[in-house]
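Only one structure is covered here, and it is reproduced in the block below.
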4 protein chains.
Amino acid sequence: MLFDIQPDSPVPIYEQIVARILFAVASGALEPGTRVPSVRELAGHLVVNPNTVARAYQDLERQGVLVSRRGLGMEVSADAPRTCRTQRQDIVRGRIREALREAVSSALAPEEIRRLVDEELERVNGRGGRHREK
Amino acid sequence: MLFDIQPDSPVPIYEQIVARILFAVASGALEPGTRVPSVRELAGHLVVNPNTVARAYQDLERQGVLVSRRGLGMEVSADAPRTCRTQRQDIVRGRIREALREAVSSALAPEEIRRLVDEELERVNGRGGRHREK
Amino acid sequence: MLFDIQPDSPVPIYEQIVARILFAVASGALEPGTRVPSVRELAGHLVVNPNTVARAYQDLERQGVLVSRRGLGMEVSADAPRTCRTQRQDIVRGRIREALREAVSSALAPEEIRRLVDEELERVNGRGGRHREK
Amino acid sequence: MLFDIQPDSPVPIYEQIVARILFAVASGALEPGTRVPSVRELAGHLVVNPNTVARAYQDLERQGVLVSRRGLGMEVSADAPRTCRTQRQDIVRGRIREALREAVSSALAPEEIRRLVDEELERVNGRGGRHREK
DNA sequence: GTGGTCTAGACCACG
DNA sequence: GTGGTCTAGACCACC
């Protein structure tokens, strides 16, 4: 459960935290019943203000991903994995869709867009070529 | 030179305007020497605050895409097409890269990412699909 | 749209603000499209920290009651009345249910509970006796 | 003297314990001179932190409901029943008053409030309903 | 120890 | 002018 954030990113720190935990739950790295680091602990680790972490945790609680155990901290809720998996896919798909929509609106040729996508896919995904899945 | 903007999009209105003009130049729809609408005119057409259009024009002027002809408004600069074409590709590639980077950081399986990308590619642009060349 | 809050209540200030606005929308006092006071303005009026008002507004935005018009402030959303009316009833009913559940768990006689409820109903509701609705 | 508490309720666990014991005394289920379970015993039974039970007992001792018999634990005081009966009514009435006050402040129509109250009264305690005396 | 709320004051992006 | 984010530091209730 250790990760770090990019303080200079345009995306707010608390959203970065939300996404990290959401993804961790979706991937199974964080299981239901697991306690997340305390607000102060995580804030110390990330070198951010505790309020920022608290806000992220509150968001996750409102989404039903975390539940607060009074006086004991917060833990991953029972049905968080289901929620998070669908959310994760929605988020990722949404970003991809946005990027492609902009590509189309730029009047780039479809083949050109496809080329850019493929280049970036291979770049980000090592040898993950289309027909050579391990 | 007619387009519209989405006031409820997360991307700032002035950036939407910048991108639209930049793309129009890159695609050849706006040629060097062409005068762009006045700030007031475009603001009226888009139903946005004139300050917003002004800021977009400022940005474009700083980038060298527009040049102001004193007393006459602004027009597309001579070497705008070259600038805009490379910019366009950079912008589009950047957005795609970001989206894919997030996909990877979400711990989605590479095949799953590939699947999402393909779905969205076909969705946004049927003819460009790999498996359905018209 | 003027109201005040009770700083010494056990219920958090930002929740009081949320409830006030939610109730105002439910009752029709605040109609869709109406702009709510700016964060700073309301904070000044209530003599609380702007952050506190901002938090209330964010909650309302997340609930879909308010929508943010960039640079212009926040206004009541189109379908807020529907949302708020059902929410209002849920909230009020929930509180009543809780109170009565506790009454039952106290092993007070049912007639006694009924008596208490009637006393308080008339107290809070003037001459609003059961069979004498004006 | 067996009861259980709801760890996820908004009302603090120690208050739940206090109320339960207070109600038990008021209803005659716990008589003066009766020994209450030890802190550890009750904590074990309720699966809560012993500190929480201790705090509840402290509160009850301060109210004069329990008295500590040194070395023997705590027992119900001689005049606890009288105290508890009036307290019980005050507590219950207070909660009802609060709920109704909120209902009024929500600008719900008086008839509507009356309807909600009646529905919940019958729900929680069928025989006590005004229109359906068994 | 835990989270929850509030204040004060700062900086930023947007219109 | 608007809201959004972040920091710093305080106090509280609960376990």
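From a predicted model like this one, the values you see are computed outputs, not experimental measurements. Below, chains carry the letters A, B, ... as their sequence lines are ordered, and counting in each starts from 1.
In this structure, C:Gly71 and A:Gly73 both approach DNA chain E, and ranking their closest nucleotides by distance from the 5' end singles out A:Gly73. Residues C:Val47 and B:Val48 each lie close to DNA chain E; by heavy-atom proximity, the contact nearer the 5' end of the strand is made by C:Val47. Two residues, C:Ala54 and D:Glu15, neighbour DNA chain F, and the one matched to the more 5' nucleotide by heavy-atom proximity is C:Ala54. In terms of position on DNA chain F, the residue among D:Asn51 and C:Met74 whose nearest nucleotide sits closer to the 5' end is C:Met74.
Rounded to whole Å, the distance from CZ on D:Arg55 to C1' on F:dA13 is 7 Å.
C:Glu61 comes within 4.0 angstrom of the backbone, heavy atoms only, and of no base. Residue D:Asn49 is classed as a sugar-phosphate contact, given heavy-atom separations below 4.0 Å to backbone atoms only. Using a 4.0 Å heavy-atom distance criterion, A:Arg40 is classed as a base contact.
By the side chain to side chain contact (heavy atoms under 4.5 Å, CB included) test, A:Glu41 pairs with A:Pro37, A:Ser38, sequence neighbours left out. In this view, B:Arg101 and A:Arg123, B:Arg97 satisfy the side chain to side chain contact (heavy atoms under 4.5 Å, CB included) rule, not counting sequence neighbours. B:Pro7 is linked by a side chain to side chain contact (heavy atoms under 4.5 Å, CB included) to B:Ile5, counting only residues two or more places apart in sequence or in another chain. In this structure, the side-chain hydrogen bond (donor to acceptor under 3.5 Å, both in side chains) partners of D:Gln63, at least two apart in sequence or on a different chain, are D:Gln87. Take D:Ala107 and apply the side chain to side chain contact (heavy atoms under 4.5 Å, CB included) test, not counting sequence neighbours, and it matches C:Ser27, C:Arg88. Applying the side-chain hydrogen bond (donor to acceptor under 3.5 Å, both in side chains) test to D:Arg95 and every residue at least two apart in sequence or in another chain returns C:Glu102. For D:Asp59, the side-chain hydrogen bond (donor to acceptor under 3.5 Å, both in side chains) test picks out D:Arg62, with sequence neighbours left out. With sequence neighbours excluded, the residues forming a side-chain hydrogen bond (donor to acceptor under 3.5 Å, both in side chains) with D:Asp8 are A:Arg69, listed by chain and number.
Side-chain contact check for D:Glu75 versus D:Val67: some heavy-atom pair is nearer than 4.5 Å.
B:Ser77 places a side-chain N or O within 3.5 Å of a backbone atom of B:Gly64 that can act as its donor or acceptor partner.
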Determine all donor-acceptor pairs shorter than 3.5 Å in which one atom belongs to a side chain in residues 11-26 of chain B; sequence neighbours excluded.
| residue | atom | partner | partner atom | Å |
| --- | --- | --- | --- | --- |
| B:Tyr14 | OH | B:Arg55 | NH2 | 3.3 |
| B:Gln16 | OE1 | B:Gln6 | N | 2.9 |
| B:Gln16 | NE2 | B:Gln6 | O | 2.9 |
| B:Gln16 | NE2 | B:Val11 | O | 2.9 |

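Put simply, chain B comes within 4.0 Å of DNA chain E, heavy atom to any atom, from E:dC14 to E:dG15, going 5' to 3'.
Sorted by residue number, the list of members of residues 5-12 of chain C with any non-hydrogen atom under 4.0 Å from DNA chain F is empty.
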- Task: Could you summarise the pairing of DNA chain F as dot-bracket text, marking Watson-Crick and G-U pairs under 3.5 Å with ( ) or [ ] inside the strand and | across strands?
- Result: ||||||||||||||.
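Note on D:Tyr14: every side-chain N or O is 4.0 Å or more away from OP1 and OP2 of F:dC15.
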